[in-house]
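I have placed the structure first, in the form of structure tokens, so that the comments after it can refer back to it.
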Amino acid sequence: MKHVNLVVADGDRNTLGKYVSELRRMDGINVVGSTADGAELLALLSHVRADVVMTGLALKNVDGLGVLEAVHDMRGVHPKMLVLSNFCRDSLVERTMALGASYYMLKPADSHLLYKRICLLAEQTDASESIGPADVIAGVLRRIGVAPSMKGYRYLETAVALCIEDASYVHALSGRLYPEVALRLGATPSGVERAIRTAIQTAWQNGGIQSYAAVISDSALADGRPTAGRLIACLAHACVQTMKN
């Protein structure tokens, strides 16, 4: 695997030192900076090329949300942001995702799981690479009228990605899919289900799903507001077909 330039930030210096020490021993990880201070983190990112930033929310001077806002407004290619938090409130998760976080995980997080997530995010950082699944999914969600700022966008995006990897998820939404999405994004299964349902309802009311159904010649999709399982299956199939072409 390619080397991943990682910056680590956490307001608790003991936790920060633990993560830095453990991740430095992982294959391919190059820790290019670490800090407990949000202002220092932003200064660091202005002169260090980072593929992924792993940050807590409780930072000194500038908190994690302030860092996300500043990175979101930066020009050029942004590093992928992995957020670690002690809280799993849906409103907080949605706020961080709206500001550009790619993953939201709960503390304490296993270093090997963090390693997997960091490597996954790093695969999406090279703008010169061909369009990957994440780009295709984002494009399809825009086509049906689900914007990144919309409630449920990240949950729906992750659900579609999981169904691309394993189609059997579509047949076990409550038992497997929603719990897995919740685990990956630091939410609750019921919160995931509710947010996805709201996103689908909004997209239907705005006519986005009906317009997309016409584009892909799927008249059945426009017969009535689709269930979450029906829409997720349709979007996953459409993304797979797009990546094949």
Side-chain angles (χ1 to χ4, degrees), residues 1-2 4 51-52 77 80 82 97 100-104 113 116-185 187 189 192-204 206-245:
M1 62 167 286
K2 70 176 185 180
V4 179
D51 298 312
V52 179
V77 178
K80 297 294 181 178
L82 190 160
M97 294 304 174
S102 297
Y103 262 101
Y104 187 104
L113 180 58
K116 290 181 180 179
R117 297 293 178 261
I118 290 166
C119 292
L120 179 63
L121 293 179
E123 292 175 0
Q124 305 168 14
T125 59
D126 189 351
S128 66
E129 293 179 355
S130 59
I131 295 175
D135 304 293
V136 175
I137 295 169
V140 169
L141 291 180
R142 286 195 298 270
R143 292 292 295 273
I144 68 170
V146 178
S149 60
M150 185 180 294
K151 183 180 179 69
Y153 175 90
R154 292 295 296 178
Y155 300 147
L156 190 54
E157 180 185 49
T158 303
V160 172
L162 286 169
C163 289
I164 290 174
E165 296 174 4
D166 182 352
S168 67
Y169 272 115
V170 172
H171 306 295
L173 268 65
S174 297
R176 292 181 61 217
L177 182 60
Y178 294 153
E180 180 61 21
V181 173
L183 178 64
R184 294 193 178 204
L185 299 183
V192 169
E193 180 179 11
R194 184 169 58 253
I196 287 178
R197 188 170 59 245
T198 298
I200 293 173
Q201 180 178 359
T202 302
W204 178 261
N206 292 339
I209 294 175
Q210 297 91 316
S211 297
Y212 184 68
V215 170
I216 63 174
S217 301
D218 186 348
S219 58
L221 188 63
D223 285 345
R225 191 179 77 193
T227 62
R230 170 77 171 90
L231 183 62
I232 290 171
C234 175
L235 297 182
H237 175 73
C239 288
V240 170
Q241 295 303 117
T242 298
M243 288 184 286
K244 285 181 178 179
N245 297 332

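Keep in mind the model is a prediction, meaning the values are calculated, not measured.
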Practice problem: Please round to the nearest 0.5 Å and tell me the distance separating atom CZ of R225 and atom CZ of R197. | Solution: 8.5 Å
Quiz prompt | Closest non-hydrogen atom pair between K80 and S102, with its separation | solution = CD-OG, 3.5 Å
Quiz item: Rounded to the nearest 0.5 Å, how far does CG of L235 lie from CG of L221?
Solution: 8.0 Å
Quiz item: If you look at every heavy atom in A122 and V4, which pair is closest and at what distance?
Solution: CB-CG2, 3.5 Å
Practice problem: Identify the heavy atoms of L173 and G229 that sit nearest to each other, and give their distance. | Solution: CD2-N, 3.6 Å
Quiz prompt | Euclidean distance, M150 CE relative to L156 CG, rounded to 0.5 Å | solution = 10.0 Å
Quiz item: Roughly how far, to the nearest 0.5 Å, is OG of S211 from CG of N206?
Solution: 10.0 Å
Practice problem: Write down the atom of A195, the atom of Y155, and the distance for their closest heavy-atom approach. | Solution: CB-CD1, 3.3 Å
Self-check item: Where I200 and P226 come nearest, the two heavy atoms and their spacing
Solution: CG2-O, 3.8 Å
Exercise. Can you measure from CD1 (I196) to OG1 (T227) and round to the nearest 0.5 angstrom?
Key: 11.5 Å
Quiz item: In Å, rounded to the nearest 0.5 Å, how long is the span from OH of Y104 to CE of M97?
Solution: 8.5 Å
Self-check item: Atom of D223, atom of W204 and distance for their closest heavy-atom approach
Solution: C-CH2, 4.5 Å
Quiz prompt | Partner residues of E180 under the side chain to side chain donor-acceptor pair (under 3.5 Å) criterion, sequence neighbours left out | solution = R184
Just list the side-chain donor-acceptor pairs under 3.5 Å for residues 158-170, sequence neighbours left out, or say none.
from	atom 1	to	atom 2	distance (Å)
T158	OG1	R154	O	2.9
D166	OD1	S168	N	3.0
D166	OD1	S168	OG	2.6
D166	OD2	S168	OG	3.2
D166	OD2	R176	NH2	3.3
S168	OG	R176	NH1	2.9

Self-check item: Pair I144-L231, side chain to side chain contact (heavy atoms under 4.5 Å, CB included): steps then yes or no
Solution: CA-CA 10 Å; I144 68 170; L231 183 62; 4.2 Å; yes
